[in-house]
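Written below as structure tokens is the structure these notes are about.
Numbering of ligands and ligand atoms starts at 1, following listing order.
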Amino acid sequence: MAKLAISGGKPVRTKPFPAYITAGVEEKEALCRVIDSGVLSRYLGAWHEQFYGGNEVQALEKEWADYYNVKHAIAVNSATSGLICAVGAIGIEPGDEIIVSPWSMCISATAPLFYGAIPVFADIEPDFFCLDPESVESKITSKTKAIIVVDLFGQTYNADSINRIAAKYGLKVIEDCAQAPGALLNGKPVGTLGDIGVFSLNYHKHIHSGEGGMIVTNDDNLAERLQLIRNHAEAVVEAKGVDNITNMIGQNYRMTELEASVARCQLKKLNSLNSKRLQNVVYLESGLKNIPCLAIPKVRENSTHVYYVHACKYNQGISRVSAQKFVSAVKAELPHFELREKEGTKLGAGYVKPLYLMPVFQNRIAFGKSGWPFNLNDSVTYEKGLCPVCEELYSGGVVTSEFMLPSLNENDINDVVSAFEKVWQNREELL
Ligand SMILES: *Cc1c(COP(=O)(O)O)cnc(C)c1O
């Protein structure tokens, strides 16, 4: 008789895993404070005392800048808007090239398009999954203006090498640290490793305010341009006396007082949430290291990893079962997380499809029908095979999970490890 749940056996566990909930009493009090104040957002899209937003937004920016030891923090309504702001702030020209990673959330690669710039994909490191410095350097042309690096899964990008390359060619580095709040490299916080760092406060991230984003920079000029793009720059530049008006058609990327008040509470919890996460990683790995087809994630030298995703390399040569099959079998042994009934359990084979395979790049259609901005620059291409390391990892080279979430205790993690062990021991049933 079949033992594995996927073939009709009894699953290891059916009781849902506890939900990861970070907001509670403090956030409720903060929201009430804002509602009682009567001011749910305080911005004017004009050169005015209130151009910079209300008390909660400004207090959050100060606390965020202190925490990350950086001169400027700028609150926005998402990391998506933050990345678009960053591309505008560095003064990009239509047709310029920006080197991006194929393995990330889509906006890390599509942000350049909003200013008519062309994303150029470089491959990723086989062990750390962040942009590979050698590949980055090989993609540089006379049109390259910047690199958007990603601290993927909570691992810091290879800042030592990539920043050296950026300096050599005079490129700006925009750091997408949405998945790595609180990670450090050589003792320096993420976000401050490049010229501009962008954090996310969306519901899925380590800490959140529902939706939200934070941009950080040590550069006064970039900070001003970011603030302008956030809030209707075109209506502000004249009165503010801004000389450089390139890319100064602004947006409304403003964070409200409600979100800012919640984000302030969340920032205070980041250290303790991250240490619980790291404690769970150690415990999870003490079990997973006994599964021969999995390799525990490597951590870059002199850095801390904050595990937005726990990604083990998968070796099909050892198991003789594809990652997809293996993962489906483990998933069948385990329940979903509370509040996430529709998503199945937090386990996957691979991660997103290499981003250049999305229709926007395959069809070279972004704005309008004539191919803008791709028609400015025919030399950049997006064919399958462009980033072989990423393609191999995507098609079953890694097993990703979130079984280190701080809501889990050791008993929960024991069930996870039992499920992996059970599938490993009975893998013959999958052949
Ligand atoms: C979540 C995420 C974003 C986007 O964040 P939003 O705040 O939802 O816009 C960008 N980049 C990465 C790597 C992400 O994980």
Side-chain angles (χ1 to χ4, degrees), residues 20 22 60 64 73-88 98-114 119 121-122 124-125 128-131 146-159 173-183 190-191 193-194 196-216 226 229-230 251-256 258-260 262-263 266-267 270 274 277 305-311 343 346 348 350-355 358 390 393-394 398 400-402 405:
Y20 178 50
T22 60
L60 168 64
W64 199 277
I74 295 137
V76 284
N77 54 13
S78 70
T80 297
S81 13
L83 286 165
I84 297 171
C85 261
V87 170
I98 299 187
I99 296 176
V100 298
S101 170
W103 232 28
S104 183
M105 194 256 170
C106 53
I107 192 65
S108 319
T110 53
L113 294 170
F114 289 88
F121 289 91
I124 56 177
E125 303 164 303
F128 302 119
F129 319 135
C130 299
L131 274 178
I147 310 168
I148 299 180
V149 294
V150 183
D151 300 309
L152 196 76
F153 298 159
Q155 173 109 262
T156 58
Y157 78 98
N158 189 337
V173 175
I174 297 171
E175 184 182 7
D176 178 348
C177 36
Q179 301 189 353
V190 291
L193 303 174
I196 299 178
V198 180
F199 296 89
S200 172
L201 289 164
N202 92 21
Y203 174 60
H204 300 276
K205 300 299 176 354
H206 294 64
I207 55 169
H208 76 100
S209 52
E211 302 283 354
M214 295 299 291
I215 317 175
V216 297
L226 292 162
I229 295 172
R230 166 176 70 177
Q251 284 283 350
N252 173 353
Y253 288 149
R254 306 177 310 209
M255 179 188 277
T256 70
L258 292 163
E259 287 140 358
V262 171
Q266 293 275 293
L267 180 62
L270 179 59
N274 274 355
R277 200 178 270 259
H305 191 315
V306 293
Y307 300 97
Y308 178 62
V309 168
H310 189 265
E343 296 171 34
K346 291 175 176 295
Y351 179 56
V352 296
K353 195 151 88 166
L355 295 175
M358 291 193 299
C390 181
L393 289 167
Y394 153 67
V398 294
T400 50
S401 84
E402 291 178 54
L405 284 175

Partners meeting side chain to side chain donor-acceptor pair (under 3.5 Å) with Asn202 (sequence neighbours left out): none
Restricting to side chain to side chain donor-acceptor pair (under 3.5 Å), what partner residues turn up for Asp151, sequence neighbours left out? none
Hey, could you give me the CZ/OG distance between Arg254 and Ser81, rounded to the nearest 0.5 Å? 12.0 Å
Cation-pi check, Arg277 onto Tyr20 ring (under 6.0 Å, within 45° of axis): yes
side-chain contact (heavy atoms from CB on, under 4.5 Å) filter on Glu259, not counting sequence neighbours, yields Ser209, Met255, Thr256
Ligand 1: which protein N/O atoms lie under 3.5 Å from its N/O atoms?
residue: ligand 1; atom: 5 (O); partner: Ser200; partner atom: OG; Å: 3.3
residue: ligand 1; atom: 7 (O); partner: Ala79; partner atom: N; Å: 2.9
residue: ligand 1; atom: 7 (O); partner: Ser200; partner atom: OG; Å: 2.7
residue: ligand 1; atom: 8 (O); partner: Asn202; partner atom: ND2; Å: 2.8
residue: ligand 1; atom: 9 (O); partner: Ala79; partner atom: N; Å: 3.3
residue: ligand 1; atom: 9 (O); partner: Thr80; partner atom: N; Å: 2.8
residue: ligand 1; atom: 9 (O); partner: Thr80; partner atom: OG1; Å: 2.5
residue: ligand 1; atom: 11 (N); partner: Asp176; partner atom: OD1; Å: 3.3
residue: ligand 1; atom: 11 (N); partner: Asp176; partner atom: OD2; Å: 2.7
residue: ligand 1; atom: 15 (O); partner: Gln179; partner atom: NE2; Å: 2.9
residue: ligand 1; atom: 15 (O); partner: Lys205; partner atom: NZ; Å: 3.2

Do Trp103 and Leu393 pass the side-chain contact (heavy atoms from CB on, under 4.5 Å) test, and can you show the C-alpha distance, the side-chain angles, and the key distance before you say yes or no? CA-CA 10 Å; Trp103 232 28; Leu393 289 167; 3.7 Å; yes
